[in-house]
Amino acid sequence: MIVWLNGTHGAGKTTTGALVQPLIPDARVFDAEKVGETLMDITPGLPRTDNFQHWPPWRQLVVETAHRVLDYTGGTLVMPMTVLVERYWREISAGLARHAIPVRHFVLHADQETLRGRIEGDTVLGPSSFRLRHLEPYAEAARTWLHAEAEVLDTTHLTPAQAARRIAAAVTGRGPALPAVEPGAGSGP
C-alpha cells in the first residue's frame with residue numbers, strides 16, 4: 001500500500017510523513033522528490049522547466065520505483081509529495097493501479113495565512129519564493145479537484161505528531177475516519 005501525503009509547501013507533509021512511518025507496521029518513507037533530483041542531475045540537462053514534475057519520466061519513474069520497492073519489501077510506502085496538476089495525479093494513480101497497488105491519498109490542508117506564515121518562518125529551509133508561488137495553484141487545485149480525490153486533514157491547528165496519529169489511525173483502522181473538510185474550505189487568499 002501507499003500512503004500518499006499531498007498538499008502544498010508548508011502543510012507539513014515531510015515532517016508528518018516521518019512521524020507516520022513508525023506508526024504503521026512495515027512502513028518506509030519514499031520521497032519522490034529524490035527521483036526529480038536524480039533527473040535534474042542528468043548532464044547535459046533535460047529540457048528546461050521550473051518543476052521536474054513536468055518531465056514525463058518523473059511520473060513514470062515514481063510509479064516504477066514505488067512498484068519495485070514494494071515488490072522487494074512489501075509493507076507500506078509513505079510518500080510525502082505535492083502533486084497539484086490533476087493530469088499528473090491521474091497518470092501516477094493509474095500507473096499504481098496497473099500494478100495493483102492500493103493508495104490512501106491524504107491532503108494535508110491549511111488555510112493560506114497559516115501556510116504563508118509557515119513558509120516565511122521556516123527555520124530550516126528559510127523563506128522561499130518557490131514555495132510561496134505554489135500557494136495559489138494549491139488553492140485552485142483544492143477548489144477544483146484535489147480535495148475530492150483525497151481524504152483531507154486540516155493541519156491548521158494540528159501539530160505534525162497529531163496529524164501523523166490521525167493518518168496512521170485511519171490507515172490501520174484503529175481510530176475514527178478523518179473529519180470532512182468542505183471542498184475549498186479555507187483555501188482562499
Side-chain angles (χ1 to χ4, degrees), residues 1-22 24 26-99 101 103-110 115-116 118-138 140-142 146 149-150 155 160 163-164 167:
M1 167 191 287
I2 289 175
V3 175
W4 195 292
L5 304 181
N6 205 340
T8 195
H9 305 282
K13 297 177 306 299
T14 301
T15 303
T16 301
L19 296 169
V20 165
Q21 179 270 320
I24 298 174
D26 297 320
R28 291 171 173 75
V29 175
F30 167 35
D31 184 350
E33 190 164 323
K34 302 297 183 191
V35 174
E37 291 172 6
T38 297
L39 293 173
M40 288 189 304
D41 286 343
I42 293 173
T43 55
L46 298 178
R48 283 193 60 78
T49 182
D50 65 342
N51 185 335
F52 57 70
Q53 290 187 14
H54 298 319
W55 291 325
W58 177 81
R59 301 184 299 276
Q60 298 159 357
L61 287 168
V62 165
V63 169
E64 192 59 27
T65 304
H67 166 67
R68 296 295 178 177
V69 169
L70 286 172
D71 268 0
Y72 182 63
T73 64
T76 299
L77 290 181
V78 177
M79 296 181 62
M81 186 71 215
T82 300
V83 179
L84 301 180
V85 177
E86 183 177 10
R87 180 171 56 91
Y88 298 171
W89 176 253
R90 299 246 180 264
E91 183 178 334
I92 291 167
S93 58
L96 295 169
R98 278 192 299 277
H99 292 296
I101 301 170
V103 177
R104 289 289 296 267
H105 183 199
F106 294 92
V107 170
L108 303 186
H109 174 79
L115 292 168
R116 185 173 303 284
R118 289 177 184 172
I119 292 167
E120 290 173 349
D122 190 321
T123 58
V124 176
L125 298 175
S128 162
S129 60
F130 174 84
R131 295 167 78 205
L132 288 169
R133 281 194 313 270
H134 283 81
L135 293 180
E136 185 49 41
Y138 167 72
E140 178 65 18
L146 183 59
E149 293 289 321
T155 65
I167 291 166

For D122, check salt bridge (charged side-chain N to carboxylate O under 4.0 Å, His left out) against everything at least two apart and list the hits.
R131
Distance col, row L70:CG vs I2:CD1, nearest 0.5 angstrom, shows 5.5 Å
So, taking the atom named NE2 in H105 and the one named OG in S93, what distance separates them when rounded to the nearest 0.5 Å?
8.5 Å
Look only at the side chain of T155 and the backbone of L108, and say whether a donor-acceptor pair between them is shorter than 3.5 Å.
no
Answer yes or no: is there a side-chain heavy-atom contact under 4.5 Å between V63 and I101?
no
To the nearest 0.5 Å, atom CH2 of W58 lies from atom CG of L39 at 10.0 Å
Taking atom OG1 of T65 and atom CG of L77, what is their separation to the nearest 0.5 Å?
10.0 Å
Within the structure provided, determine whether V29 and P80 are in side-chain contact (heavy-atom separation under 4.5 Å).
yes
When you measure from the side chain of W55 to the backbone N and O of P47, does any donor-acceptor pair fall under 3.5 Å?
yes
Less than 6.0 Å separating the ring centroids of Y138 and H109?
yes
Pairing residues for R116 by the side chain to side chain contact (heavy atoms under 4.5 Å, CB included) criterion, not counting sequence neighbours
E120, L132, L135
Do I92 and W4 have side-chain heavy atoms sitting under 4.5 Å apart?
yes
Assess whether side-chain contact (heavy atoms from CB on, under 4.5 Å) is satisfied between I167 and L19, documenting all intermediate values.
CA-CA 10 Å; I167 291 166; L19 296 169; over 6 Å; no
Under 30°, 30 to 60°, or over 60°: which ring-plane class applies to Y88 and H54, parallel, tilted or perpendicular?
perpendicular
Determine, stepwise, if the pair R133 / F130 fulfils side-chain contact (heavy atoms from CB on, under 4.5 Å).
CA-CA 5 Å; R133 281 194 313 270; F130 174 84; 3.4 Å; yes
Can you find a pair of side-chain heavy atoms, one from R59 and one from V85, that are under 4.5 Å apart?
no
From the list K13, E33, H9, side chain to side chain donor-acceptor pair (under 3.5 Å) partner of T82 resolves to K13
